[in-house]
Structures are given as C-alpha cells and as structure tokens.
Amino acid sequence: MWQAPPAPVSREWLPVLDMPAPAPQNRWTVLLRALLLIPQFVVVWVLSVVAFFVTVSGWFGALVLGRLPDFVADYLTVFVPYDTRVTAYLMLTVDRYPPFRFEVPEYPVQVELRPGELNRLAVLFRIILVIPASIVQGLVYAGWWTVSFILWLVVLVLGRMPQPLYEATAAILRYRVRYTAYLTMISSAYPKRLFGDAPGSEPAGPVSATRPLVLSGAARGLLVLFLLLGLASSATGSITASVNSDDDDNDNDGNDSTAPTQRVTAPLVPGPADRGPGGPRGEA
C-alpha cells in the first residue's frame with residue numbers, strides 16, 4: 001500500500017527563553033531596581049557596541065559561507081543571553097541580580113540559541129525583511145515602558161508580579177530574543193508567536209514556566225494593550241516632532257526677516273556650540 005513520504009523536518013530553530021514562575025521579590029530591590037542596574041547598563045552598552053561591529057562582519061561572512069563565522073556566532077550566542085538576563089531583571093520578572101559573566105548555567109533566566117545554516121538571499125536582505133518584526137517588537141516594548149511606572153508600583157506593593165503580567169512580559173522578552181537572534185543572523189527563523197504557544201504544544205526540550213509559553217486571556221489582553229499604547233506613543237511622538245519642526249521653521253523665518261546676514265554667517269552645526277561670547281552664533 002502506498003504511503004505518503006514523511007514531511008521534511010524544518011531546519012529552523014526558534015530561540016527559546018526559559019524562566020521560572022513568578023515568585024516573591026524583595027521590595028527593596030524592586031524599589032531600587034534601576035539604580036542597581038547602572039553598572040550593568042554600562043557593560044551592556046559596551047557589549048552592544050562590540051556586537052554591532054561583530055554583526056556587520058558576520059553579515060559579510062554569512063554571504064560567503066552561508067552561515068555565521070565561528071567567532072561571530074560564539075560572541076553573539078553569549079551576548080544575547082547576557083542582554084536578556086539584564087532586561088529580564090529590569091522588567092521585574094526575576095529578583096536575582098544578573099552576574100557579570102557570560103556563562104551562568106545556574107541563573108534562572110536562560111536562552112537557548114542554535115546557530116546554523118543561513119539562506120544567503122535572506123541574509124542579503126535581512127535589514128529589509130526584519131522591518132515588520134522590528135515594528136512589532138518596538139511597539140509592544142514601548143507600550144510596556146509607557147506604563148512601566150504603574151507596573152513597578154504593582155510589583156512593589158504586591159511584592160511579586162501578577163501571573164497575567166508575568167506572562168505578557170515573558171512573551172515580550174521572548175519575542176525580543178527571537179527578533180535579536182534573527183537580526184544578528186544567529187537564527188534563520190523569523191520572529192513569531194508573540195501571543196504565545198498553542199495550548200498542549202510539546203516543549204522542545206526541558207519544561208519551564210515559559211517552555212511552552214501558553215498565555216491566558218488576560219495576558220493576551222495586556223499584550224494588545226501594550227501594542228496600542230506603543231502605537232499611541234509613537235503617534236504622539238511623531239506629532240510632537242512635527243509641531244516642534246514647524247515652530248523651528250517659523251522661528252527661522254522670523255530671524256531671516258530681521259537679521260538676513262545671520263543666515264550667511266552662521267555655522268552649519270546648530271545648538272549650544274554655535275553660541276560664542278559675542279552673542280548668538282558668535283556674532284559681535
């Protein structure tokens with residue numbers, strides 16, 4: 001009897017974020033969370049600068065090899081988890097301070113990445129292909145931070161993160177990991193499943209609170225709220241920038257009518273640097 005051939009196994013691997021279930025947190029560490037992380041912010045910034053140049057070199061290497069060069073993959077697969085641990089602590093999902101190390105198997109937040117073969121055409125147009133995911137990631141992340149003060153107060157008062165908020169925040173963190181992994185070419189899988197995994201889905205590995213990540217209705221509602229808040233924040237910022245630009249244009253028109261020589265003698269770089277001891281724009 002004829003049988004259909006087995007379906008081909010996908011070589012794509014969606015990066016996985018493993019986190020523990022929400023637990024009680026020290027209110028003092030919640031209160032001072034941003035201050036405690038200042039040293040980590042400096043470290044992450046330095047590592048991010050290095051990651052940028054490593055990723056650029058990896059892009060050229062991937063076009064030639066069809067995969068990331070080993071030194072690029074080695075760096076990015078430790079940088080992304082490091083950045084994720086700091087972000088998870090900042091977003092109040094865990095109470096344990098992230099260590100200043102790359103390899104921390106004992107830390108409650110873990111990221112599983114599997115660099116592999118890449119489609120050269122997808123690598124060539126990676127910046128264009130990633131735009132939709134970048135918009136989604138930016139909106140939901142901005143929406144969370146729009147109400148972050150309220151979320152911080154909730155965790156501070158309760159001494160823990162409520163389950164729906166934890167699920168929504170974990171979904172944002174996981175999508176951010178998948179977006180970063182795709183952008184930096186660690187993964188060939190396009191970022192997906194912002195709204196969690198299907199109920200009853202089998203975990204690809206050990207089970208954790210976020211593997212599989214099945215969201216409740218309340219958590220999905222929070223994600224929609226964050227997306228709408230991010231969209232509103234983006235629209236408000238665009239309107240404000242447009243109004244400020246119009247005001248600057250009007251001010252420049254007024255200056256041109258009263259002091260026509262100022263347009264000719266002013267330096268090209270605006271701002272405080274163009275104010276000299278003799279008055280505006282260094283004129284006597």
Side-chain angles (χ1 to χ4, degrees), residues 8-19 40-41 43-88 90-91 98 101-105 107 109-142 170-197 203-205 208 210-213 230:
V9 178
S10 174
R11 292 180 298 175
E12 288 188 335
W13 165 260
L14 271 173
V16 177
L17 174 67
D18 287 311
M19 296 174 58
Q40 287 284 9
F41 292 153
V43 174
V44 169
W45 180 81
V46 173
L47 295 177
S48 300
V49 172
V50 177
F52 171 78
F53 291 103
V54 169
T55 301
V56 171
S57 64
W59 182 80
F60 287 102
L63 283 177
V64 176
L65 303 174
R67 60 175 178 80
L68 285 177
D70 291 341
F71 79 94
V72 175
D74 290 344
Y75 179 80
L76 293 177
T77 52
V78 293
F79 164 73
V80 173
Y82 191 107
D83 175 72
T84 303
R85 290 191 293 268
V86 174
T87 306
L90 176 63
M91 296 179 75
R101 304 196 314 272
F102 283 135
E103 301 292 339
V104 281
Y107 193 75
V109 177
Q110 296 291 325
V111 176
E112 186 175 351
L113 301 166
R114 297 182 184 179
E117 295 182 4
L118 298 169
N119 184 305
R120 290 180 175 86
L121 194 60
V123 171
L124 180 63
F125 295 103
R126 184 61 52 107
I127 294 298
I128 297 175
L129 294 173
V130 82
I131 289 176
S134 176
I135 294 173
V136 172
Q137 191 269 157
L139 289 178
V140 72
Y141 197 63
I172 295 172
L173 285 168
R174 190 179 74 165
Y175 192 86
R176 184 172 181 266
V177 167
R178 291 176 174 178
Y179 162 75
T180 305
Y182 182 77
L183 178 64
T184 57
M185 295 161 293
I186 301 174
S187 173
S188 62
Y190 201 82
K192 55 178 71 77
R193 299 179 190 168
L194 172 63
F195 287 90
D197 301 317
S208 69
T210 55
R211 188 198 301 216
L213 181 58

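All of these numbers come straight from a predicted model, not from anything done at the bench.
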Using atom types as modelled and distance alone, determine if a side-chain donor or acceptor of R67 lies under 3.5 Å from a backbone N or O of G116. no
Heavy-atom distance under 4.5 Å between the side chains of S188 and W13, does that happen here? no
More than 12 heavy atoms of other residues, nucleotides or ligands under 6.0 Å from CZ of R126: is that the case? yes
dist L76:CG -> L47:CG (nearest 0.5 Å) comes out at 11.0 Å
I'd like to know if the side chain of S134 and the backbone of V130 have a donor-acceptor N/O pair within less than 3.5 Å. no
Would you confirm whether T210, through its side chain, and M19, through its main-chain N or O, come within 3.5 Å as a donor-acceptor pair? yes
Test applied, side-chain hydrogen bond (donor to acceptor under 3.5 Å, both in side chains); reference residue, R174; option that passes from D197, D18, T84: D197
Should the heavy atoms of other residues, nucleotides or ligands under 6.0 Å from CZ of F52 be counted, would the total exceed 12? no
Would you find more than 12 non-hydrogen atoms of other residues, nucleotides or ligands less than 6.0 Å from F60 atom CZ? no
Side chain to side chain, V16 and L113, heavy atoms closer than 4.5 Å: no
About how many Å separate OH of Y182 and CG of L118, when rounded to the nearest 0.5 Å? 9.5 Å
Would you call R114 and E112 a salt bridge, using N to O less than 4.0 angstrom? yes
Restricting to side chain to side chain contact (heavy atoms under 4.5 Å, CB included), what partner residues turn up for V49, sequence neighbours left out? W45, F53
Set out, in order, the CA-CA distance, both residues' side-chain angles and the distance that settles side-chain hydrogen bond (donor to acceptor under 3.5 Å, both in side chains) for T87 and R176, then state yes or no. CA-CA 10 Å; T87 306; R176 184 172 181 266; 3.1 Å; yes
Judged by atom type as modelled, is there a donor-acceptor pair below 3.5 Å linking the side chain of R120 to the main-chain atoms of V64? yes
Rounded to the nearest 0.5 Å, what's the gap from CD on Q40 to OH on Y82? Could you check? 3.5 Å
Would you say the side chain of Y190 lies within less than 4.5 Å of the side chain of P132, judging by non-hydrogen atoms? yes
Any side-chain heavy-atom pair of I186 and P15 under 4.5 Å: no
Y179: ring-ring contact (aromatic ring centres under 6.0 Å, His included) partners, not counting sequence neighbours: none
When rounded to the nearest 0.5 angstrom, what is the spacing between CG in L213 and CG in L194? 9.5 Å
